[in-house]
Amino acid sequence: MPEIDLAALDTPAYVYDLAEVRRSHELLRRALPRPSGLYYSLKANPHPALLGCLRDRGCRAEVSSPGELRAALDAGFPAAEVLYTGPAKRDEDVRRAVALGVREFSADSPRSLDQLDGIAGEHGVRLRYLLRVNANEPVPGVGLAMTGVPSQFGADVDWVAGRPRAFTGRANLDLVGLHLYMATNMTDEDHLVEQFTIAIGVAARLRDRLGTSFRTLDLGGGFGAPYAHAGELPRFPTLAARVAALLDRDFPGWRGGAPEVVFESGRYLTSTCGRLVTRALEVKWSHGKRIVVFESGINHLGGMSGLRRVPVISPDLVDPNRPGVTGAAAGEDGALAVGPLCTPLDSWTRSAAVPDFRPGEVAVVPNVGAYGLSASLALFLGHPMPAEVVVDGGRVLESTRLAVRRERLAAALPQPFAMAGDLS
Ligand SMILES: *Cc1c(COP(=O)(O)O)cnc(C)c1O
């Protein structure tokens, strides 16, 4: 397939390839048991072109804020199929979502059920909820545990099992099932299977305690993908059959859609579609170390975790024809590659081999289609946002730039009151 000329782009720029989104979606579909539904988690990347592509392929939208809901609806996801999640929700945000037609929420406390119930009553509608639960056991081998530990995500299984009435019986709500998102970024198929084993076990136990047959079983996801490193999407060749066997045992009706089994993914669907193209602006020496300053730093990428241990400036991604570009300069103990922000935290790497960049040359950071710009410190220091260029294979479809603007609020502000001893 013809490639677009990255060095000719106005930088900094994210480049998203829809052909790769379709390929990732196909790979994940093949890894999941059938029949099943798939939600795209907008937090990975809410770019409209990616949303449109995933919507066309049958994904539903999983959102957890007014902004994500807006993005999903603007991209044509039907409100009636949106799943609205999150560990706590403001009344006005839930009201607005219901007014826009959202009917399904993930909830995880008696208070959050009362909130949904009250708002459903105000609107004269019935709302459905998935009860998000926090299993007792952490998923083995997983760093960022969201389950089996104290967590804002989900009600502990024992809380639900011990007080089932606190989690059911609201006049305007229908409990449709469970939501068990337990971990993220798992690349090992066995870890995924263990996670789904725990999830299905919890669901079987709570079905009996809650005295209901679930319509929906949201087993979560956590499908891993490379981030800011070169690499391929992991494959899960035996996952579908192994999860199907687990479901056959505890939920034999699932093949007929009772319950409907659904999964969620952000990063697997969009990570490999995106690259960040950014230029070296400055090269100099300090205390014996080569310093390379790029036009992008934690304002454009890696804001969630910082970039500091991410050796993203990969020698094979710059022009290989130029002498001196294949690795660190001779005898160099690694260079300091940094972004343009006025904080020492804004560094790509302090010790990795950094190609011998000259000012003006581009670096290409692979696999940053998920948790790229939207997960970064874009407002810090006020540099321009990178462009976002959408391509399909070798064809450029559109190029946009996000803008943030300040809005004047209509509500009257409380005036400062005079303090005792005020000199004015
Ligand atoms: C973050 C999140 C996801 C997406 O996670 P990925 O690792 O990007 O797949 C899905 N579901 C929930 C509830 C999440 O919080």
Side-chain angles (χ1 to χ4, degrees), residues 16 21 24-25 27-29 31-32 36-47 50-51 54 59-65 67-69 71-72 77 82-89 102 104-109 112 129-135 139 141-147 149 151-155 177-189 191-192 195-196 199 202 216-228 231 233-234 236 239 261-274 301-305 367-376:
Y16 307 126
V21 177
S24 306
H25 176 262
L27 286 177
L28 186 54
R29 265 339 232 146
L32 298 177
S36 59
L38 179 59
Y39 283 93
Y40 175 57
S41 302
L42 266 75
K43 79 171 188 271
N45 188 337
H47 189 287
L50 273 52
L51 297 184
L54 290 166
C59 285
R60 292 173 235 167
E62 187 253 314
V63 307
S64 54
S65 73
E68 288 184 353
L69 175 59
F77 287 97
V82 164
L83 173 60
Y84 200 119
T85 68
K89 304 169 189 76
V102 176
E104 191 152 316
F105 292 82
S106 166
D108 62 6
S109 69
S112 66
Y129 68 102
L130 296 174
L131 191 56
R132 183 159 179 188
V133 292
N134 178 3
V139 181
V142 172
L144 194 61
M146 296 170 138
T147 189
V149 294
S151 165
Q152 71 269 52
F153 304 114
L178 299 185
H179 181 201
L180 287 134
Y181 185 85
M182 302 170 71
T184 182
N185 208 10
M186 286 178 274
T187 53
D188 183 324
E189 195 171 30
H191 290 157
L192 285 166
Q195 166 195 239
F196 293 130
V202 165
T216 307
L217 207 46
D218 184 338
L219 295 177
F223 310 103
Y227 178 66
L233 284 173
F236 309 118
L239 186 67
V261 173
V262 301
F263 297 90
E264 301 171 355
S265 175
R267 72 181 71 234
Y268 197 95
L269 292 170
T270 53
S271 179
T272 54
C273 85
L301 180 67
M304 282 210 304
S305 51
N367 297 327
V368 290
Y371 305 107
L373 181 59
S374 68
S376 294

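We count ligands from 1, going down the list as the structure has it; atoms in each ligand are counted the same way.
Residues Ser41 and Glu264 have side chains that never bring a donor and an acceptor to within less than 3.5 angstrom of each other.
Aromatic ring centroids of Tyr39 and Phe77 lie 6.0 Å or more apart.
Checking each of Leu233, Thr187, Asn185 against Tyr268 for a side-chain contact (heavy atoms from CB on, under 4.5 Å) leaves exactly one that passes, namely Leu233.
Arg29 has its side chain within reach of Ser36: a pair of non-hydrogen atoms, C-beta onward, lies under 4.5 Å apart. Within the 4.5 Å cutoff, no side-chain heavy atoms of Leu28 are placed close to those of Phe263.
Every atom of ligand 1 is numbered from 1 in the order shown, and the set under 4.0 Å from a heavy atom of Lys43 is 1 (C), 2 (C), 3 (C), 4 (C), 14 (C), 15 (O). For ligand 1, the atoms closer than 4.0 angstrom to any heavy atom of Gly266 are 4 (C), 6 (P), 8 (O), 9 (O). Ligand-side atoms of ligand 1 in range of Arg267: 6 (P), 7 (O), 8 (O), 9 (O), range being under 4.0 angstrom from any heavy atom. Listed by number with element, the atoms of ligand 1 under 4.0 angstrom from any heavy atom of Tyr371 are 1 (C), 4 (C), 5 (O), 6 (P), 8 (O). Taking a cut-off of under 4.0 Å to the non-hydrogen atoms of Ser41, the atoms of ligand 1 that pass are 3 (C), 4 (C), 10 (C), 11 (N). Near Thr184, with a cut-off below 4.0 Å to any heavy atom, the atoms of ligand 1 are 6 (P), 7 (O). Below 4.0 Å from some heavy atom of Glu62 lie the following atoms of ligand 1, by number and element: 10 (C), 11 (N), 12 (C).
Residue Leu192 comes nearest to Gly221 through the heavy atom pair CD2-O, 3.7 Å, listed as atom of the first residue, atom of the second, then distance.
Checked by distance only, ligand 1 and Glu264 come closer than 3.5 Å through their nitrogen or oxygen atoms.
Residue Ser265 places a heavy atom less than 4.0 Å from ligand 1.
When heavy-atom distances to ligand 1 are checked against a 4.0 Å cut-off, Arg132 comes that close only through its side chain, counted from C-beta outward.
Remark: the backbone N or O of Asp218 is not paired with any side-chain donor or acceptor of Tyr181 at under 3.5 angstrom.
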